[in-house]
Amino acid sequence: MRKFKEAIIEKSLLASALVTILVTLGIILVLSFEAVNFFREVPIIDFLTDTQWTPLFSDKHFGILPLLSGTLLTSFIAIAFAVPVGLSISIYISEYAPKSFRRTIKPALELLAAVPTVVYGFFALTVVTPFLQTFIPGLSGFNSLSAGLVMGIMIIPFVSSLSEDALHAVPNSLREAAYGMGSTKLQNSFRVLVPAASSGIIVSIILAISRAIGETMIVAIAAGQQPRLTFDPTVPVETITTYIVQVSLGDVQHGSLEYRTIFAAGITLFIFTFLLNTISYRIRKKFQEKYE
Amino acid sequence: MSKKEKGIVIDKSIKRKHKLETKGVKVFYDDFMAIKGIDMTIKANKVTAFIGPSGCGKSTFLRLFNRMNDYVDGFRLEGEVRIDGENIYKKKINVEQLRKQVGMVFQKPNPFPKSIFENVAYGLRIQGINDKRYLSEKVEDSLKQVALWDEVKDDLNKSAIALSGGQQQRLCIARTLAVEPSIILMDEPTSALDPLSTAKIEELIYELKEKYSIVIVTHNMQQAGRISDYTAFFYLGELIEYDRTKKLFTNPEKQQTENYITGRFG
């Protein structure tokens with residue numbers, strides 16, 4: 001009887017593991033299937049090289065570059081803000097802060113990641129943009145700068161928490177060695193600990209990039225909906241994710257070419273995040289070997 | 001810039017004799033008293049060995065001299081620790097400067113995950129010295145002092161982690177020597193090494209005492225007998241006996257010392 005129970009539990013655990021794999025496979029299949037249909041009608045060269053994205057207009061262009069530039073621009077701004085701040089926080093928490101402070105600040109920081117992204121989006125649109133407009137007069141109401149900055153705030157805990165774990169995992173003997181040589185705390189942090197934890201820190205940054213690229217709500221609300229091939233952070237842009245939201249919520253006919261564009265955009269996004277996740281997985285594996 | 005250049009000229013002409021002294025030293029970890037009042041004077045340019053059973057406080061006592069206990073939670077000191085008459089626990093002391101003068105070699109070899117060259121150059125780099133020729137000279141010089149140069153001279157850019165345990169420990173000693181300390185503290189430096197590597201390090205210690213004052217904690221009494229000029233026996237946070245090594249091992253004054261060195265306990 002006991003054995004039977006064990007078997008049932010084992011099988012149901014296996015089943016739940018399989019469900020996640022099947023769902024992932026299903027998503028990839030649907031994405032690929034619809035994307036292939038899309039590329040039957042639109043040559044892939046046009047998709048990759050055309051500098052306009054106007055599938056909903058009468059003069060249709062299907063160049064992904066404007067959407068890609070919107071995604072990369074907002075992500076770049078977010079990362080450029082989150083990495084220095086997140087890394088400083090992680091070094092402070094792991095090397096400088098008293099233990100009691102560490103216990104309170106870490107969960108508090110992780111709370112940043114728990115704020116609903118729609119709230120962040122609103123915050124960017126109604127607080128950050130007006131604030132930035134007071135000293136950047138040319139800033140549009142929708143722009144990649146404030147969307148990127150707020151997205152940066154959102155991903156700070158991804159960088160700081162994982163980097164702090166990596167710094168914390170550096171063996172104490174290295175700290176002793178560095179202090180024993182007469183290092184100051186700052187020298188110990190930047191010359192010994194950060195290099196020693198670099199693989200973990202890089203993984204945290206890659207995961208943060210991947211999070212930024214996939215982020216939807218903040219950019220949909222605050223960055224605008226105008227596909228535009230530009231690297232000017234003050235004008236409205238549209239990211240891949242925003243476009244997908246726009247079409248999904250719109251009245252595009254199911255099964256039409258316009259409808260399929262979201263799958264082409266989706267698979268582009270998927271390829272990016274998949275690559276980033278693979279790289280971070282590789283680095284993490286290497287990193288584990290180093291400390292064992 | 002002028003400050004950096006100044007750092008390159010380390011004065012080698014004056015090799016003062018450095019004497020370590022403690023006066024009524026008590027060490028507490030929270031409420032636990034680990035060192036129970038020790039007065040001791042350690043002679044310059046000699047090798048002094050600290051022996052005693054595990055938990056007797058010898059490592060704690062050793063780490064007082066470069067303030068490595070400062071990082072231990074709940075650490076508190078009473079009494080004075082002096083180097084050349086100066087209390088190293090007074091407020092004005094520059095701890096980083098102190099640690100350049102009082103080098104330390106640890107129980108487990110702990111090279112930085114950097115190249116062999118950068119490991120040895122580390123102490124100079126953090127003093128702001130980046131002159132390539134000077135660094136190369138110092139690195140070569142330090143590696144020669146620990147008899148590691150011939151083994152690694154073609155691999156200076158390889159990672160130090162790839163070296164054997166014995167080589168790593170000699171590298172750690174070279175790294176300490178590169179900043180020209182006057183005192184070297186060693187906390188069981190050979191306990192993680194094989195007999196051959198141990199023999200090499202012991203030989204090295206013997207050579208180094210010409211220029212440095214060496215204090216070594218060891219669990220190995222034969223080792224203490226072989227390499228040290230003076231030996232101190234610690235037990236339960238107290239200094240039981242401290243004398244010339246020969247005297248302490250052949251004709252100890254205290255019964256406890258005799259029991260320990262003859263292997264009756266510990």
Side-chain angles (χ1 to χ4, degrees), chain A residues 87 90-106 163-204 283-292, chain B residues 7 59 62-63 65-74 94-115 118-128 159-162 168-169 171-181 183-187 192:
Chain A
L87 205 55
S90 68
I91 290 171
Y92 177 74
I93 296 178
S94 128
E95 301 306 316
Y96 287 83
K99 274 198 184 127
S100 53
F101 185 67
R102 178 169 188 262
R103 274 195 297 268
T104 40
I105 192 80
K106 260 198 113 178
S163 299
E164 202 270 339
D165 289 344
L167 286 170
H168 207 68
V170 175
N172 242 335
S173 62
L174 281 187
R175 284 187 187 83
E176 285 197 320
Y179 286 133
M181 298 291 300
S183 307
T184 59
K185 261 191 175 172
L186 200 68
Q187 287 169 334
N188 183 19
S189 303
F190 283 99
R191 288 175 185 249
V192 176
L193 299 175
V194 169
S198 56
S199 39
I201 292 172
I202 291 168
V203 167
S204 81
I283 295 175
R284 213 170 343 173
K285 249 178 91 179
K286 227 170 140 189
F287 164 77
Q288 277 168 347
E289 280 160 21
K290 219 169 83 191
Y291 284 120
E292 266 163 16
Chain B
S59 280
L62 181 79
R63 285 161 167 258
F65 295 109
N66 66 346
R67 297 192 49 168
M68 284 304 275
N69 290 331
D70 292 17
Y71 301 107
V72 181
D73 282 334
N94 178 334
V95 180
E96 284 80 36
Q97 209 54 47
L98 168 78
R99 292 196 183 121
K100 281 166 197 157
Q101 198 199 339
V102 187
M104 182 153 201
V105 177
F106 297 85
Q107 184 169 359
K108 244 181 76 189
N110 54 0
F112 300 123
K114 297 176 188 285
S115 70
E118 286 304 326
N119 260 280
V120 183
Y122 179 85
L124 298 166
R125 286 213 194 269
I126 59 172
Q127 293 178 38
S159 169
I161 309 290
Q168 285 187 8
Q169 194 62 304
L171 180 72
C172 291
I173 298 176
R175 178 174 72 183
T176 306
L177 297 182
V179 292
E180 309 202 350
I183 298 157
I184 301 176
L185 309 176
M186 298 187 172
D187 193 354

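This one's a predicted model, so the numbers in the text were calculated from it and none came from an experiment. The sequence lines fix the lettering, A, B, ..., with proteins before strands; numbering per chain opens at 1.
Chosen from B:Met104, B:Arg175, B:Gln107, the residue pairing most often with chain A at heavy-atom distances under 4.5 Å is B:Arg175. Interface summary for chain A: among B:Gln97, B:Met68, B:Lys114, B:Arg67, the most heavy-atom pairs under 4.5 angstrom belong to B:Met68. Between chain B and the residues A:Ser173, A:Ala178, A:Ala177, the largest count of heavy-atom pairs under 4.5 Å involves A:Ala177.
Neither the backbone nor the side chain of B:Pro109 has a heavy atom closer than 4.5 Å to any heavy atom of chain A. Only the side chain of B:Asp73 comes within less than 4.5 Å of a heavy atom in chain A; its backbone stays farther off.
In this structure, the separation between NZ on B:Lys100 and OG on A:Ser183 is 8.0 Å, given to the nearest 0.5 Å. Within the model, atoms CG of B:Asn66 and CE of A:Met181 stand 12.0 Å from one another, a figure rounded to the nearest 0.5 Å. Atoms CD1 and CG, from B:Ile126 and A:Asn188 in turn, are 9.0 Å apart once rounded to the nearest 0.5 Å.
A:Gln187 and B:Tyr122 make their closest contact through O-OH, 4.0 Å (heavy atoms, listed as atom of the first residue, atom of the second, distance). A:Leu174 and B:Pro111 get closest at one heavy-atom pair: CD2-O, 3.3 Å.
The ring-ring contact (aromatic ring centres under 6.0 Å, His included) test applied to B:Phe106 returns no partner, not counting sequence neighbours.
Listed by first then second residue, pairs satisfying salt bridge (Lys or Arg N to Asp or Glu O under 4.0 Å) with a partner in residues 168-188 of chain A read A:Glu95-A:Arg175, A:Glu176-B:Arg63, not counting sequence neighbours.
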